[in-house]
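Computation of the quantities below employed the complete heavy-atom set of this structure, encompassing side-chain atoms and omitting hydrogens, waters and symmetry-equivalent molecules. These figures come from a predicted structure and were not determined experimentally.
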Amino acid sequence: MAAWPNLSSACWNVTNPAACGENMPRRGCGSVMNIKHQCSGATVCVTLADCGPNTQLWCSEKTCCNGACRTHRVVDLTPAAYSAIGSLSSGLLPVYIYE
């Protein structure tokens, strides 16, 4: 399971990814996305179940591995989904999000 900042207009207004320059597609609860660790290639399929993260709080936050970086925190994963692609102790992972 995962949280996505554009589940609804109300969610978008709270998470405010536009403040970070993000313009992500609207996806409702129950939508499915694939998350791929940018460096290891590990993937997990998640179902969107909640609004989040509060993207505007982490504008320009950067995470890197092997020189590959991503900015902005745009998806929150449950511990089970996160541990399928990386170590929970790492805190943040650069990922690709696709359907």
Inset, instruction - With side chain to side chain contact (heavy atoms under 4.5 Å, CB included) as the test, would you mind laying out the steps for Met33 and Arg27 before giving the verdict? - result: CA-CA 9 Å; Met33 292 185 156; Arg27 298 292 182 257; 3.7 Å; yes

Inset, instruction - Give the intermediate values and the outcome of side chain to side chain contact (heavy atoms under 4.5 Å, CB included) for residues Tyr98 and Lys36. - result: CA-CA 8 Å; Tyr98 58 98; Lys36 180 178 182 180; 3.8 Å; yes

Inset, instruction - Please check if the side chain of Trp4 supplies one atom and the backbone of Pro25 the other of a donor-acceptor pair under 3.5 Å. - result: yes

Inset, instruction - Work out which heavy atom in Ala3 is nearest to a heavy atom in Val75; give both atom names and the distance. - result: O-CG2, 3.4 Å

Legend entry - Backbone of Thr55 reached by a side-chain donor or acceptor of Thr15 within 3.5 Å: no

Legend entry - Reported OG1-to-CZ distance for the pair Thr63 and Arg70, which is rounded to 0.5 angstrom: 11.0 Å

Inset, instruction - Locate the shortest heavy-atom distance separating Pro5 from Cys11; write the atom from each residue and the value. - result: O-SG, 3.4 Å

Inset, instruction - Locate the shortest heavy-atom distance separating Leu92 from Tyr82; write the atom from each residue and the value. - result: N-OH, 3.2 Å

Inset, instruction - With rounding to the nearest 0.5 Å, note down the distance linking OG in Ser8 to CG in Asn13. - result: 8.0 Å

Inset, instruction - State, with a plain yes or no, whether a side-chain heavy atom of Glu99 is found less than 4.5 Å away from one of Ser31. - result: no

Legend entry - Trace of the side chain to side chain contact (heavy atoms under 4.5 Å, CB included) decision for Thr43 with Asn34: CA-CA 7 Å; Thr43 61; Asn34 293 292; 5.8 Å; no

Inset, instruction - Report the distance from atom CG of Leu48 to atom CE of Met1, rounding to the nearest 0.5 Å. - result: 10.0 Å

Legend entry - Smallest separation among heavy atoms of Val32 and Cys45, with atom names: CG1-SG, 3.1 Å

Inset, instruction - Please name the pair of heavy atoms, one in Gln56 and one in Cys20, separated by the smallest distance, quoted to 0.1 Å. - result: CA-SG, 4.0 Å

Legend entry - Shared hydrophobic cluster, Leu77 / Trp58 (ILVMFWY, side-chain heavy atoms < 4.5 Å): no

Inset, instruction - Rounded to the nearest 0.5 Å, what's the gap from CG on Asn23 to CG on Asn6? Could you check? - result: 8.0 Å

Inset, instruction - Might you point out which heavy atoms bring Glu22 and Trp12 nearest each other, and give the distance in Å? - result: O-CH2, 3.4 Å

Inset, instruction - Flag the pair His37 / Cys65 as yes when at least one side-chain heavy-atom distance between them is below 4.5 Å, and no otherwise. - result: yes

Inset, instruction - With rounding to the nearest 0.5 Å, note down the distance linking CD1 in Ile85 to OG in Ser90. - result: 8.5 Å

Inset, instruction - Any chance you could measure Leu93, atom CG, to Ile35, atom CD1, to the nearest 0.5 Å? - result: 10.5 Å

Legend entry - Derivation and outcome, side chain to side chain contact (heavy atoms under 4.5 Å, CB included), residues Leu7 and Cys29: CA-CA 7 Å; Leu7 287 180; Cys29 283; 3.9 Å; yes

